[in-house]
Q: 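My structure is below; once you've seen it, I'll send some questions.
Bear in mind that the values here come from a model prediction, so they are computed numbers and not experimental data. Reminder, nothing fancy here: chain letters follow the sequence lines and each chain counts from 1.
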Number of protein chains: 2
Amino acid sequence: MTAREQNLSESLEDYLETIFLLIREHAVARSRDIAARLHVNKSSVTGALQALAERALVNYEPYGYVTLTPAGAAAAQKVLRRHEALRDFLVKVLSIDAAEADANACRMEHAVSKTVVDRLVEFAEFVETCPRAGAKWIRGFGYRCQEAAAMPEKKECARCIEQCLDEVKSQETPGATKTVSTTLSKLKPGERARIDKIAGTGPVARRIADMGVTKGSLVDVVRVAPLGDPIDVKIKGYHLSLRKEEAAGIAVTRLAQA
Amino acid sequence: MTAREQNLSESLEDYLETIFLLIREHAVARSRDIAARLHVNKSSVTGALQALAERALVNYEPYGYVTLTPAGAAAAQKVLRRHEALRDFLVKVLSIDAAEADANACRMEHAVSKTVVDRLVEFAEFVETCPRAGAKWIRGFGYRCQEAAAMPEKKECARCIEQCLDEVKSQETPGATKTVSTTLSKLKPGERARIDKIAGTGPVARRIADMGVTKGSLVDVVRVAPLGDPIDVKIKGYHLSLRKEEAAGIAVTRLAQA
DNA sequence: TCAATATGTTCGCTTAACCTAACTTTTAGG
DNA sequence: CCTAAAAGTTAGGTTAAGCGAACATATTGA
Ligand SMILES: [Mn+2]
Ligand SMILES: [Mn+2]
Ligand SMILES: [Mn+2]
Ligand SMILES: [Mn+2]
């Protein structure tokens, strides 16, 4: 449903995605680079840009710079979210190697409904988070895939159980889980936290609520600008840029790195 | 890569898949029914059949019956395996509802490489099989998705841990795992088993080996013909029809139902 | 048996996404 | 400042997938 939701063909979605990424990387998207990334002829790019301009997704005039309209940027980000969610799932959960995961993700991204992507994101989080599943468990699957011969299943499963017992025990020990409460604005790039409370009811609170973010959701800090403003985070697969004051209103519990 | 592997477009893959299923269901594939299933005009079906005939994937002549050539049947089964693997993953692991899972699977099936499908099948098996993960664990995720409100995360996780301990304990109790060794030919439809040994080196053994089936692989019995011959099974996502004598050469351990 | 209906095909046309070749504009070095 | 080279566009063509209308064949039940 996704591609059709906005009457955007797979092809046009890829153009949008590519333009968005090029702008992010090089500040500007040149026709030449779009062509190179998508492995198409430059005349095909012109055609696509005209199609996107007709749909008011890009600002285009011959020989001029190409920029995304707000609608275009929004559409591009949706595609990108699907791409990243699928890629991360393939890499982190299924242990597919990076290149193949990316290629598959970029084809699958046009085929999955929002429901499925949301669920996929949630599942990846669940796998990394649930004390019973845990990152180590999934790593066990990774090993099994990559070194199936070297690690016979029975042995792997026995190890599995041991780890499980250990982890469950340490989880149950009172005080073992020392929660470090803070706010989102205090985190550094690469850190992960669990959302405890979102203050206020402003546009940011609403935007976050629209993403299905609830009290227990995970948040990853992607990038923090020099003075801590803005702060780029990823929640439920969505990239989000928050003002420092907005981030300060979000109470979180810092988590151990994945 | 998959769709392009054989220069088959997504559209033609869907035609093949549909023809295969119709033949299986109604013994014969009528143009009218193909059109209905794929929501296309009947003239489009004629066009597709001609394209498939050119590629020697169907036997086609105007107003005649349509059948699949061996190559066509093989291609159709590949598509179907991808479809089913994706659908089962979406339903069993991600708890997506049947209709949406099926629709998504039928779009995704054209986008995933063999590597990814294989891994997905393996993962679903792992999730259902690993004593640490177990079917109940994944059901926990299902609950979380469907009744998120009714079942706050903390409670869910606590329950998770309890179940884990219980299961691990019962797994460790000596004698608790009473393995019932038998052969594939003795199983009934719906039963699941783990492969222990494949006797012989004939074409069947080779065919099975080509699927990446190893000693620990799961096998599900789909259908057994009146006199136990042939027996239809599903291994690693592949549907397979075995002669009774072939099945008798495969030693298995009967497992509890999923 | 034979016409009405159901089923299937052909024809002509449309749209999307490509391509190549030729043309135009921009850019950047001498 | 001027001219190649680079970048971008246009024109014209191909292929795939689909549609509707008109035509052809098959089925079937009165
Ligand atoms: Mn893509
Ligand atoms: Mn992509
Ligand atoms: Mn399909
Ligand atoms: Mn399908």
Q: Between P on C/dA17 and OH on A/Tyr15, what's the gap in Å once rounded to a whole number?
A: 8 Å
Q: Looking at every strand, decide which applies to A/Ser44 at a 4.0 Å heavy-atom threshold: base, sugar-phosphate, or nothing.
A: base
Q: Taking the six-membered ring where the residue is Trp, are the ring centres of B/Phe89 and A/Phe89 under 6.0 Å apart?
A: yes
Q: Whole angstrom is fine here: how far is it from CD in A/Gln50 over to P in C/dA16?
A: 13 Å
Q: Rounded off to whole Å, could you give me the CG-to-P distance for the A/Asp14 and C/dA17 pair?
A: 11 Å
Q: What is the distance from CG of B/Leu22 to P of C/dG8, rounded to the nearest Å?
A: 11 Å
Q: Could you check A/Glu17, A/Glu13, A/Glu109 and say which one makes a salt bridge (charged side-chain N to carboxylate O under 4.0 Å, His left out) with A/Arg82?
A: A/Glu13
Q: Please confirm whether any donor atom in the side chain of A/Tyr63 sits under 3.5 Å from an acceptor in the base of C/dT24, or the reverse.
A: yes
Q: Give a yes/no answer on whether the side chain of A/Ser43 brings an N or O atom under 4.0 Å of OP1 or OP2 in C/dC19.
A: no
Q: Could you check how far CZ of B/Arg32 sits from P of C/dG8, rounded to whole Å?
A: 8 Å
Q: Given side chains that start at C-beta, do those of B/Ile208 and B/Leu240 come closer than 4.5 Å, heavy atoms only?
A: yes
Q: Only one of A/His83, A/His110, A/Arg107 passes side chain to side chain donor-acceptor pair (under 3.5 Å) with A/Asp14; say which it is.
A: A/His110
Q: What integer distance in Å separates B/Lys42:NZ from C/dC11:P?
A: 16 Å
Q: Output the rounded distance in Å from CG (B/Asn41) to P (C/dA6).
A: 16 Å
Q: More than 12 foreign heavy atoms under 6.0 Å from CD of A/Glu25: is that the case here?
A: yes
Q: Scan A/Thr46 against the nucleic acid and name what it touches under 4.0 Å (heavy atoms): base, sugar-phosphate only, or nothing.
A: base
Q: Check whether any side-chain heavy atom of B/Ser31 lies under 4.5 Å from a side-chain heavy atom of B/Val66, and answer yes or no.
A: no
Q: Quick check: on DNA chain C, is the nucleotide nearest A/Pro62 upstream (toward 5') of the one nearest A/Ala48, or the reverse? Name the residue that is more 5'.
A: A/Ala48
Q: To the nearest angstrom, how far is A/Leu49 atom CG from C/dA17 atom C1'?
A: 14 Å
Q: Checking all strands, does B/Tyr60 fall into the base, sugar-phosphate, or nothing category for heavy-atom contacts under 4.0 angstrom?
A: sugar-phosphate
Q: Using a strict 4.0 Å threshold on nitrogen-to-oxygen distance, state whether A/Asp232 and A/Arg223 make a salt bridge.
A: yes
Q: Of all nucleotides in DNA chain D with an atom under 4.0 Å from a non-hydrogen atom of chain B, which is the first and which the last going 5' to 3'?
A: D/dA17 to D/dT25
